[in-house]
Colleague: 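Could you have a look at this structure, given as structure tokens, before my questions?
Each chain gets a letter, A, B and so on, in the order its sequence line appears, and its residues count up from 1. We use all heavy atoms of the structure for the numbers below, so side chains are in, but hydrogens, waters and symmetry mates are not. As the structure is a prediction and not an experimental result, all values here were calculated from the model.
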4 protein chains.
Amino acid sequence: MSDIKAARKNRIIEAALRIFAEKGFQEATISEIAKAAGVSDATVYEYFKTKEDLLFTIPEKLTGDALREFRETILPYLRGTEAKLRAIVQTYMSLYERNPHYSALVMLQLKANRNFLKTSSYEQIRDAARELLDCIRAGIADGTFKKDVDPLLVRSVILGSIEHLCVRWHLLGTPSNLVEHVDPILDLVLDGIRAPGPAKEISVHLHVTADGVKVENAGDAPGGKRGKGEE
Amino acid sequence: MSDIKAARKNRIIEAALRIFAEKGFQEATISEIAKAAGVSDATVYEYFKTKEDLLFTIPEKLTGDALREFRETILPYLRGTEAKLRAIVQTYMSLYERNPHYSALVMLQLKANRNFLKTSSYEQIRDAARELLDCIRAGIADGTFKKDVDPLLVRSVILGSIEHLCVRWHLLGTPSNLVEHVDPILDLVLDGIRAPGPAKEISVHLHVTADGVKVENAGDAPGGKRGKGEE
Amino acid sequence: MSDIKAARKNRIIEAALRIFAEKGFQEATISEIAKAAGVSDATVYEYFKTKEDLLFTIPEKLTGDALREFRETILPYLRGTEAKLRAIVQTYMSLYERNPHYSALVMLQLKANRNFLKTSSYEQIRDAARELLDCIRAGIADGTFKKDVDPLLVRSVILGSIEHLCVRWHLLGTPSNLVEHVDPILDLVLDGIRAPGPAKEISVHLHVTADGVKVENAGDAPGGKRGKGEE
Amino acid sequence: MSDIKAARKNRIIEAALRIFAEKGFQEATISEIAKAAGVSDATVYEYFKTKEDLLFTIPEKLTGDALREFRETILPYLRGTEAKLRAIVQTYMSLYERNPHYSALVMLQLKANRNFLKTSSYEQIRDAARELLDCIRAGIADGTFKKDVDPLLVRSVILGSIEHLCVRWHLLGTPSNLVEHVDPILDLVLDGIRAPGPAKEISVHLHVTADGVKVENAGDAPGGKRGKGEE
DNA sequence: CATGAATGAGATTTCATTCAT
DNA sequence: GATGAATGAAATCTCATTCAT
């Protein structure tokens, strides 16, 4: 019984997700959604107070699930600030790309809606964004990132980049693919905020003899700049 | 006569800009706009085919003026890729901050509107964005930026950051100020894409005698990586 | 079982009485009433065919009880037309005042409802009104009231007065009290319809002598005007 | 132009009056009224904010006209409290009888509506009722009526009687005629509140002779109570 | 028998848009 | 050219009522 209800509610949400994403909130009608969900108009109102309530309820599950999965399944296994950051961005991009209706809804219908800010769905989205912020702050605290970067700004750059790409993807069809930009974005951003490594030390053993000078050994000192930054 | 008409049209556009920005496209009514402009509803339709046409026409002037001014008054006096980039971003941010109704309109009402993509207003916005892209490409070509960065991605990062901040500014009221983020954003992004200087060459003159070794000279080679201090 | 059912039905009726009286028939919803009665919507329909049927059923019990009590407990102990009349009006006013929901329902929701005229509840109310009419007719027949008054009109005056006060009481809050108007109304109406007493006869014994005239006896005849009218 | 508008508005009001009176507020639909008025649904809303606003506006004109006419055309020519009273009641009854839709609307739809109390239409009705009250008070002041009657109560008796008859007339079809009850109601009420005249004085001339006694003259004193026959 | 759940059936109301003047 | 006035065309939302369990 409760299952039937839940299923019905889900069907309404799924229909609404698709139709709102495709036609926009204003252009979509409850009738259309109800028909797509196989219920009557009135039934939609059994589950949702208003059309806007329906809109605002849609992202709840997906956002919650994604955040939960990230926290439970992914986060615990990550070591290192950068790895975490990469995982977060990857999670966003992958979520958006694998659920284009969802991302279209969030990017095109909800992000600019003042009322949405007051909903619990928005709370979840904010939670996810806070995870990213915490990660950046941790990176600053542990010396991975420069001390003087503004973590909020860094987050804005990252989220802004993600969102911009996602919107382009939806409206212009380009890029054709979101996840492949995860690394480039992060490389760019990380290069911009990474703390410089300790100065490189070079030791050169010169063997000076009458015959000449022979370089016997030239080795990088440990602690040199690692990673992609050298590209 | 034509002046009177132009003035009338401008009054309608200004009223519409304010009202659309404050209440959103759907919530605003033609009646309201007409009243605010001091004309009749029907007169609005003398100048604009539909409500949406009015919406799409609004940003035309401001966008065009801003772009023209940038090209004519600012651009010619700039030397260097980074200076140009900084000027572009500064122009965006300043335009958005000094014209909050305009930026609210663009960010909250137009950016997500599929129909807007087909308008000439959008063409102008695209032109401005192309200016930014050209600048990035020029930076790559002239060796300011790494050869392997994706200029489109860099632009997305920059525009995304700008837009994200602007949307937050409108919806959340934070940050309280846009232009002060111009430099931090660019510092971050530029640090991420700047080409490394030519490898640092160090020449050490060792004076090896029976008495010992004396370092005679140790100097940086020209072309070393410049630090932040120079910005 | 039947008791449980009867109790349930009563709970529904009581809830409906209160809610219909407070919000009006149209504004009240079955859901609301069902919830207040602690039953489901559908259960309401087990006991009442329609919403209107519920409305019409509500006054049945109270009206019937009041009429029955009047006939059984009060009427038998009354002697005289005026006493009866006073008791009837007192019963109305007291019933209305002690059961404000009931009187609001009758005065504000039912009295103007054409369909109500066909119900058995209305029959009861008509019965009560007939009691009043009978009493007036009896008063005419027994010479208490003038022969030429129209009993229907008298009843209309009495009922109209009662109803007018009751409606004012509900809508305007004034008078603050109904029963205290019983006597004033009746005094007014009775004074207007009471039959004049038999002509007053005066006998004067004049003792006429040569010495003069002496009034020996002057007495009222029996049958002079009685009652409150002289106050 | 304005005439056309006014005419249109009147047509809507007249259609609404008829339909609201016939079917009741809830049963009537705007569509029906619009059709009967020969306009579109939307046009109704050009003239009236809501359906209820339309309802409340209907009685305005008729009530106002009637009150104005009474005050300007009738009242100035009346002498004496009772004549005035009679004229007021006559005006009510005649208005109600000659405009059955209007009286049905007022008696069956408006009188019990709490929101109506806040309208300007109700103000007018209250004004008319105040006229009646003033008249009663004047009668008390000038000695026509007993000093100790409650003028508000008298008014309630009069208005209640009128309303009761009017409601019966609409719902039951009886009496078949309202105005013929004006006099009987007033006779009844006036008889109940009229101040008693000065005591009747009788002078008898007895002519006493040896032959016997002859009554020479027996006349009523002036100022004796007038009987019904004189009305 | 009680009810949770679903819905049929509209009605009100809103505006963008048109058109005659 | 400007506009007052009218309206076409829906869409949201509400409930009384029904029915399967």
Colleague: Tell me the ring pair (Phe, Tyr, Trp, His ring centres under 6.0 Å) pairs involving residues 16-53 of chain A, sequence neighbours left out?
Modeller: A:Phe20-A:Phe25

Colleague: Can you check the D:Lys9 NZ to F:dA6 C1' distance for me, whole Å?
Modeller: 16 Å

Colleague: State which of E:dT13, F:dC13, E:dG4 makes the closest approach to the side chain of D:Ile30.
Modeller: E:dT13

Colleague: Quick check on DNA chain F: between D:Asp41 and C:Gln26, whose nearest nucleotide comes earlier from the 5' end?
Modeller: D:Asp41

Colleague: Within the structure shown, what part of the strands sits under 4.0 Å from A:Ala28 by heavy-atom distance: base, sugar-phosphate, or nothing?
Modeller: sugar-phosphate

Colleague: Closest nucleotide of DNA chain F for D:Val39 versus for B:Tyr47: which of these residues is on the 5' side?
Modeller: B:Tyr47

Colleague: Check whether any side-chain N or O of C:Glu27 sits under 3.5 Å from a backbone N or O of C:Gly24 as a donor-acceptor pair, and report yes or no.
Modeller: no

Colleague: So what does A:Phe48 touch, heavy atoms closer than 4.0 Å: a base, only the sugar-phosphate, or nothing?
Modeller: nothing

Colleague: Would you say D:Thr43 reaches F:dA6's phosphate, i.e. side-chain N/O to OP1/OP2 under 4.0 Å?
Modeller: no

Colleague: Taking the nucleotide of DNA chain E with the nearest heavy atom to each, does B:Glu46 or B:Glu27 sit closer to the 5' end?
Modeller: B:Glu27

Colleague: Any side-chain heavy atom of C:Leu171 sitting closer than 4.5 Å to one from C:Leu108?
Modeller: yes

Colleague: So, is B:Arg8 near the phosphate of F:dT3, with a side-chain N or O under 4.0 Å from OP1 or OP2?
Modeller: yes

Colleague: Hey, are B:Arg11 and B:Glu14 close enough for a salt bridge, meaning a charged N less than 4.0 Å from a carboxylate O?
Modeller: no

Colleague: Return the nearest nucleotide to the side chain of B:Ala42; candidates are F:dT12, F:dG4, E:dC15.
Modeller: F:dG4

Colleague: How about B:Asn115 and B:Glu52: do any of their side-chain heavy atoms sit closer than 4.5 Å?
Modeller: yes

Colleague: Rounded to the nearest angstrom, tell me the gap between atom NZ in B:Lys51 and atom P in E:dT14.
Modeller: 14 Å

Colleague: Measure the shortest side-chain to side-chain distance between D:Leu110 and D:Pro59 over non-hydrogen atoms and say whether it is less than 4.5 angstrom.
Modeller: yes

Colleague: So, OP1 or OP2 of E:dC15: does either fall under 4.0 Å of a side-chain N or O from D:Tyr45?
Modeller: no

Colleague: Can A:Arg126 and A:Glu123 be counted as an ion pair, charged N to O under 4.0 angstrom?
Modeller: yes

Colleague: Would you kindly give the CG-to-C1' distance between C:Leu55 and F:dA16, to the nearest whole Å?
Modeller: 14 Å

Colleague: Please report the distance, rounded to the nearest Å, between CG in B:Leu54 and P in E:dC15.
Modeller: 16 Å

Colleague: Looking only at side-chain atoms of B:Ser40, point me to the closest of E:dT17, E:dA5, F:dG4.
Modeller: F:dG4

Colleague: Judged by each residue's nearest nucleotide on DNA chain E, which is more toward the 5′ side, D:Thr50 or B:Phe25?
Modeller: D:Thr50

Colleague: Nearest whole Å is fine: how far is E:dT3 C1' from C:Ile12 CD1?
Modeller: 12 Å

Colleague: Could you state the atom-to-atom distance from NZ of A:Lys35 to C1' of F:dA11 in whole Å?
Modeller: 14 Å

Colleague: Over how many whole Å does the gap from A:Ile33 atom CD1 to F:dC13 atom P extend?
Modeller: 11 Å

Colleague: How does DNA chain E read in dot-bracket, base by base from 5' to 3', with Watson-Crick or G-U pairs under 3.5 Å and | used when the partner is on another strand?
Modeller: .||||||||||||||||||||

Colleague: Check this for me, if you would: do C:Lys9 and C:Glu46 make a salt bridge, where the nitrogen-to-carboxylate-oxygen distance has to be below 4.0 angstrom?
Modeller: no

Colleague: Rounded to whole angstrom units, what separation is found between the NZ atom of A:Lys23 and the P atom of F:dA10?
Modeller: 12 Å

